[in-house]
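Structure record follows, encoded as structure tokens.
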Number of protein chains: 4
Amino acid sequence: MNLRRTIYRVIETSAGKRRGLSLVFNITLITIITLNAIAIVMHTVPAYSQKYDRLFYDFELFSVIFFTIEYALRVWICVENERYSHWFYGRLRYVLSASAIIDLLAILPFYVSLFATDLAIVRILRLFRIFRLFRISKYSHAYRLILNVVREKKEELVLSLIMVIFMLIIISSVMYYVEHPAQPQAFSSIPATMWWGINAMATVGYGDIHPITPLGKVLGGISAILGIALFALPTGILVSGFTEHIRYQKAPRRCPHCGQEL
Amino acid sequence: MNLRRTIYRVIETSAGKRRGLSLVFNITLITIITLNAIAIVMHTVPAYSQKYDRLFYDFELFSVIFFTIEYALRVWICVENERYSHWFYGRLRYVLSASAIIDLLAILPFYVSLFATDLAIVRILRLFRIFRLFRISKYSHAYRLILNVVREKKEELVLSLIMVIFMLIIISSVMYYVEHPAQPQAFSSIPATMWWGINAMATVGYGDIHPITPLGKVLGGISAILGIALFALPTGILVSGFTEHIRYQKAPRRCPHCGQEL
Amino acid sequence: MNLRRTIYRVIETSAGKRRGLSLVFNITLITIITLNAIAIVMHTVPAYSQKYDRLFYDFELFSVIFFTIEYALRVWICVENERYSHWFYGRLRYVLSASAIIDLLAILPFYVSLFATDLAIVRILRLFRIFRLFRISKYSHAYRLILNVVREKKEELVLSLIMVIFMLIIISSVMYYVEHPAQPQAFSSIPATMWWGINAMATVGYGDIHPITPLGKVLGGISAILGIALFALPTGILVSGFTEHIRYQKAPRRCPHCGQEL
Amino acid sequence: MNLRRTIYRVIETSAGKRRGLSLVFNITLITIITLNAIAIVMHTVPAYSQKYDRLFYDFELFSVIFFTIEYALRVWICVENERYSHWFYGRLRYVLSASAIIDLLAILPFYVSLFATDLAIVRILRLFRIFRLFRISKYSHAYRLILNVVREKKEELVLSLIMVIFMLIIISSVMYYVEHPAQPQAFSSIPATMWWGINAMATVGYGDIHPITPLGKVLGGISAILGIALFALPTGILVSGFTEHIRYQKAPRRCPHCGQEL
């Protein structure tokens, strides 16, 4: 029982007597996750892939073993947290938490690939472990601030997204009927035109598809201006969220001298 | 009379005893509108268009009948709303309201196409019904907030738009005289140059048209920087709108000295 | 003397008994300026240029005569304004004011072109008269707000611009030494690379010039991220300006009941 | 001793009796730095490089001598500043300060190139001297404001950058597995795909690399929308920083009840 609590303090919290050990563990974890990200990215470069094939495989094996032991440990010790205190239902709830699912997805693909053919795309699921880094770093305060603001303004942001999608469908539909006769290849259907639409509204503009008829160009100009509004709206929403948060946190509520509310 | 009020409560409000029925009706309506949007978009994909031609036609027929009945019902029951209470002038005012016109435009094209040739472009008018979704969803609060901010800052936003158009005309005119001699094909006239101008200022940059002379490039650089200002201005306006709204909501309502409401 | 004051009230202010005449004059002025803008833009379209050549010339003649009379009137009556009250020095100061110079530039090119060859580029100077519209429209309040905010934040905005130019010079210089060996044609010199730089930082990206070496691409990625900062900085500055203004204007300074400061 | 203090007042501060001399020195310094920037940029233009080769060399020689004397003077006089008052350790600390290192890097390349081959890329290090301009100009207040806001929001901004890099890695990895089979040349590896990713998220879109498969285009659309969020987040953070600063400056300093300072 004591061992479980000690490991819990080392792995899950940065408090108590084991702060030094916890720091060592967390730095090790961050290093392995970062090396994993680099390995996954570099493995696709043909030059490195062939030369260091053995090294990539060995490191993947080591990572999976390390992550598997870590995952097992976390499931074992999670009952120390009072939110998951029941020996079975607590563990089940922990296993189904977003954080634990990400951890599982980081190791599962390897075991599946032992029996099945190569599942290259699932390997990148491991990359999502990167988000674990936010929990430990000294940036956790800033992370929580950003997360809180996004969460508080969730409805406005989701609505902005829905508006964007609606605007995209409507503009792309009109554009399709305008440009299709002139460029039947590029604007072959409304879904194909939506690829133009999203890049026009987000002001990316790859140049692989763009209107050539006068009316299409007028519509393209309107889309570009709508794109500016598209940037302004979520920015405005986020800013008001940040401003609100800061006012609430920093405003002194009482005069330090007379103690009355301000 | 009782039937009319019951239907009014089901269709137009989400209050009273018929909340369950109202929810069912609204979910049905959202589903049909969303399916309509998908059908209109997918109907233009050649692969689907030929394969499911019959299905698309049947669904269109069904949608038009559903929307026609719904439109007739709304005109019949609108007199329950006190804003449209007169049996004739009330209904006329309702029929001329933006919302009712959109509903009419969603069904009219079908009836017109029965007598005339195919009017593909008018079919997309039905897409505007999508905006009806905002009225029912739980996002209606966020929608009203965004709408209010935009409405309150209407003058500043319209002025920004006018400034953009002026800037566009001036920059495109100068660019035309600079680049026309070097690229008579691409910069063939000021209106043609305005296609470059709007995409440069909105930072889209398709790459189909861009200056090649040194002076033209300097001008292009200035346009790019003006484009940044173009993004900053409406954002600044919208942000101050959002901030204002929130302050108004959260502001203390009572004087700290006498305790009376402000 | 009475005539001069009457004309002054009609042309320069919208106050007094002659409000109706002033409105008529202003609407006429706006119409002629707008038609001028359209004429200048459309004159460059070959199809219209040949067809309506006579009309364009007649309208230009009419505009210049109208603007010349208007300019002469404004110089004559400006002494009614107490800022320009001296019969000679006042008029001189008025003639040298930004607004009067723009008005002069709108007519001067025509008289110069009577004696010299065609000076196409100077014709667009007339477009700047468009800014006169801001003075009369009902958007003048919003215009003044935007102008005030920009003026108040002038130092920060100019500094942002200087920072952008410095960043541009530094990034383009590094890029030149990185990409020149690989693409001696496109990245032929630092000024040529600055055309890439401004379009990368403003996220335009025409695609006519972009890095191809790995190091150049890393540098290009950094420029793109710097470009985002480039957008955020002036937006932040403008927003704080707008917010400040609104707080100052709207905050009630005293309780309406007890009269004490809040 | 008196000479050292006099020179210190002229070079490092703009206070005391020698304000006139200090102004002359600073204007000379700004002029030489600006001319240096222009010379470094223009030297790469083949037309100027050959024609004014001698002039460029002479100006470089003059600049290096000027900057060397200035650097020696600054090291000599820095002990007048109480932060660097010790004759040896104070000077060492000054030499190791960011500002002094930039000054050294501006002259070192020239001396190295006397013995070694041409080191073109190190010449641009001199450009960083440009940042010295901020210290003297009348924009120093705005510069300090911007710097303070950025410094205060450092954690949030760094976190935004880390989030961007993570998002970039994840999106590019997924894109690689989606587009590699269709475009093995363009999307040759994940690092190669990251070049697409950063330009898509920063909405640059050169057009040299873009998805062509339907799934890749959907992913590209999501990246474009994520790119908008990418712009909104740092803007929101910076804005709240600016707003905070202004509130702090303008906030009432006294309690409305007891009248004491807060």
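Letters A, B, ... are given to chains in the order of the sequence lines, protein chains preceding strands, and every chain is numbered from 1.
- Donor-acceptor pairing under 3.5 Å is recorded for the side chains of A:Trp196 and B:Tyr206.
- Looking at B:Pro46, only its side chain comes within 4.5 Å of chain A, counting heavy atoms on both sides.
- For the atom pair CE (B:Met167) and OG (B:Ser160), the distance works out to 10.0 Å, reported to the nearest 0.5 Å.
- Here CD1 of B:Ile165 is found 6.0 Å from CD1 of A:Ile225. Values are rounded to the nearest 0.5 Å.
- With a 4.5 Å cut-off on side-chain heavy atoms, B:Ile169 and B:Ile190 do not count as touching.
- For a residue to count as touching a neighbouring chain, one of its non-hydrogen atoms must lie under 4.5 Å from one of that chain's; by this rule B:Leu161 touches chain A with the side chain only.
- Heavy atoms closer than 4.5 Å to chain B are found in the side chain of A:Met194, but not in its backbone.
- Taking 4.5 Å as the limit, some side-chain heavy atom of B:Glu70 sits within range of a side-chain heavy atom of B:Leu29.
- Contact of A:Ile237 with chain B is made through backbone and side chain together, with heavy-atom distances under 4.5 Å.
- Looking at A:Ile212, there are no atoms closer than 4.5 Å to chain B (heavy atoms on both sides), in backbone or side chain.
- The neighbour count for A:Tyr48 OH, taken as heavy atoms of other residues, nucleotides or ligands under 6.0 Å away, does not exceed 12.
- For the set A:Ser188, A:Ser223, A:Pro211, A:Ser172, the count of heavy-atom pairs under 4.5 angstrom toward chain B peaks at A:Pro211.
- Residue contact with chain B, scored on non-hydrogen atoms closer than 4.5 Å, involves the side chain of A:Val239 exclusively.
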